[in-house]
Amino acid sequence: MTSDDGPAAPVVSVREATRAHGAVEALGATSAEVGPGEALVVAGRNGSGKTTLLRLVAGADLPTSGAVDVLGMPAFEARRRRREDLAVLLDGLPAYPDLTVAEHLALIAAAWGPRHRLGARPAPGVDDTLAAAGLTRVRDQYPGELSSGESQMFALACTLYRPAAVVVLDEPEQRLDADWRERARAMLRAALDAGRTLVVATHDLAFRADLTGERPGGGRRGREVELAAPTR
Ligand SMILES: Nc1ncnc2c1ncn2[C@@H]1O[C@H](COP(=O)(O)OP(=O)(O)OP(=O)(O)O)[C@@H](O)[C@H]1O
């Protein structure tokens with residue numbers, strides 16, 4: 001949503017959110033917001049609460065205190081009422097063992113039908129999407145036959161193929177070699193250029209730099225929230 005007399009309303013807004021599990025503080029008080037077409041990069045040491053924050057944004061968990069809003073409503077509610085606008089990759093992709101890689105993408109396109117657009121543009125076809133992800137060679141293989149890096153690219157490709165306004169990704173770089181990391185970063189930049197909002201936890205400096213760097217047309221692609229290191 002934009003207006004002539006002010007910045008776009010935030011798509012994701014985190015206000016002093018915390019999450020505790022009994023005596024364990026999984027997430028200390030955290031605030032951040034991002035608008036359409038922007039990335040929120042969540043950085044921090046192991047155990048600092050990155051996945052916890054992503055779960056709150058995805059509406060998979062509730063904050064102990066503070067608030068997490070997505071698309072103008074509590075994230076927990078957005079998860080149900082705006083499910084078509086939220087694509088989340090937190091714990092790997094649940095896959096059908098007897099459908100091929102290409103068939104998973106075809107299924108996503110069929111499920112969303114005429115709404116299958118990314119930003120203002122129709123989503124690319126299955127084979128173009130597989131080519132951009134470097135998955136053409138495995139298009140007719142089953143999920144159980146993929147290498148760990150191939151599985152991760154497959155999960156990313158399926159998640160980004162959803163026509164969602166908000167995409168939440170936990171460490172997209174995991175298990176990827178240098179070539180695939182570069183392709184994954186290009187896929188995320190394309191998602192931002194299409195006006196989608198990304199919330200990405202990452203340890204990878206190149207992802208951090210890319211997602212918060214300058215756009216070709218000026219302005220920054222996103223911003224970073226660095227979570228406090230846990231006490232050890
Ligand atoms: N259900 C839970 N019960 C108890 N403690 C939890 C629970 N979930 C998370 N924690 C703790 O909260 C802290 C933050 O965990 P979280 O997974 O969010 O960290 P992270 O920043 O994503 O770590 P990593 O970089 O290692 O993936 C950790 O110390 C973890 O042990």
Side-chain angles (χ1 to χ4, degrees), residues 1-2 7-14 17 30-44 49-60 68-72 75 78-79 82-93 108 117-121 123-124 129 132-133 152-174 176 180-217 219-227:
M1 213 170 12
T2 55
V11 175
V12 174
S13 168
V14 179
T30 300
S31 298
E33 60 180 41
V34 272
E38 288 180 340
L40 177 64
V41 175
V42 183
K50 298 181 299 299
T51 301
T52 301
L53 176 57
L54 262 52
R55 285 175 53 77
L56 297 179
V57 172
V68 180
D69 287 351
V70 172
L71 297 163
R79 183 190 201 193
R82 299 288 300 271
R83 84 182 165 94
E84 76 280 10
D85 272 320
L86 268 173
V88 175
L89 184 61
L90 288 179
D91 309 312
L93 183 81
I108 292 168
R117 303 175 76 81
L118 305 178
R121 295 188 292 275
T129 300
Q152 175 65 3
M153 277 313 274
F154 169 54
L156 278 177
C158 284
T159 305
L160 288 164
Y161 203 45
R162 294 265 309 268
V166 183
V167 181
V168 178
L169 301 171
D170 198 5
E171 297 182 28
E173 73 274 13
Q174 58 188 305
L176 298 181
W180 258 327
R181 284 186 186 209
E182 204 173 302
R183 284 177 188 269
R185 295 205 313 271
M187 285 156 64
L188 298 191
R189 289 196 304 271
L192 292 174
D193 291 345
R196 311 169 82 190
T197 300
L198 304 184
V199 181
V200 181
T202 182
H203 291 285
D204 185 295
L205 294 177
F207 274 76
R208 288 169 69 170
D210 247 15
L211 295 174
T212 57
E214 288 273 334
R215 292 176 192 279
R220 301 231 153 249
R221 281 206 164 90
R223 64 193 72 175
E224 188 165 288
V225 58
E226 171 111 30
L227 303 181

### Task
Could you go through the side chain to side chain contact (heavy atoms under 4.5 Å, CB included) check for Val57 and Val70 one step at a time?
CA-CA 7 Å; Val57 172; Val70 172; 4.1 Å; yes

### Validation row: Met187, Glu182 side chains within 4.5 angstrom (heavy atoms)
no

### Query
Do you know which two heavy atoms are closest between Val14 and Thr30, and how far apart they sit?
CG1-O, 3.3 Å

### Query
In chain order, what residues pass the side-chain hydrogen bond (donor to acceptor under 3.5 Å, both in side chains) check against Thr129, with sequence neighbours excluded?
none

### Task
For the pair Val200 and Leu40, evaluate side chain to side chain contact (heavy atoms under 4.5 Å, CB included) and give the outcome as yes or no after the intermediate values.
CA-CA 6 Å; Val200 181; Leu40 177 64; over 6 Å; no

### Task
Please answer whether the main-chain N or O of Val41 pairs with a side-chain N or O of Arg223 as donor and acceptor at a distance below 3.5 Å.
no

### Query
With a 4.5 Å limit on heavy-atom distance, are the side chains of Val34 and Pro10 in contact?
no

### Query
Quick one: does Tyr161's side chain have a donor or acceptor within less than 3.5 Å of a partner on Pro124's backbone?
yes

### Task
Measure across Pro163 and Leu118 and return the closest heavy-atom pair with its distance rounded to 0.1 Å.
CA-CD2, 3.7 Å

### Task
Write down the atom of Leu198, the atom of Leu192, and the distance for their closest heavy-atom approach.
CG-CD2, 3.6 Å

### Summary
Separation between CD (Gln152) and CZ (Arg181), nearest 0.5 Å, reads 10.0 Å

### Task
For the residue pair Arg55 and Leu90, establish whether any side-chain heavy-atom pair is separated by less than 4.5 Å.
yes

#### Entry: Considering all heavy atoms, the nearest Gly49-Leu227 contact
C-CD1, 3.4 Å

### Message
Between Val68 and Ser13, does the side chain to side chain contact (heavy atoms under 4.5 Å, CB included) criterion hold? Intermediate values first, please.
### Response
CA-CA 6 Å; Val68 180; Ser13 168; over 6 Å; no

### Message
Holding to salt bridge (charged side-chain N to carboxylate O under 4.0 Å, His left out), I want the full list of residues that pass it with Arg215, two or more places apart in sequence or in another chain.
### Response
Asp193

### Message
Can you confirm whether Thr202 sits close enough to Arg208 that some side-chain heavy atom of one is under 4.5 Å from a side-chain heavy atom of the other?
### Response
yes

#### Entry: Glu38/Arg221 salt bridge by N-O under 4.0 Å criterion
no

### Task
Taking all non-hydrogen atoms of both residues into account, name the closest pair between Val42 and Lys50 and its distance.
O-CD, 3.7 Å

### Query
How long is the gap from CG on Leu160 to CG on Leu169, to the nearest 0.5 Å?
6.0 Å

### Query
Which pairs, with at least one residue in residues 160-174 and sequence neighbours excluded, count as a salt bridge (Lys or Arg N to Asp or Glu O under 4.0 Å)?
none

### Query
To the nearest 0.5 Å, how far apart are OG1 in Thr197 and CG in Leu86?
10.5 Å

### Shortest non-hydrogen separation from Phe207 to Pro172 and the atoms involved
CE2-CG, 3.8 Å

### Task
State, yes or no, whether a side-chain contact exists between Val11 and Val166 at a heavy-atom distance under 4.5 Å.
yes

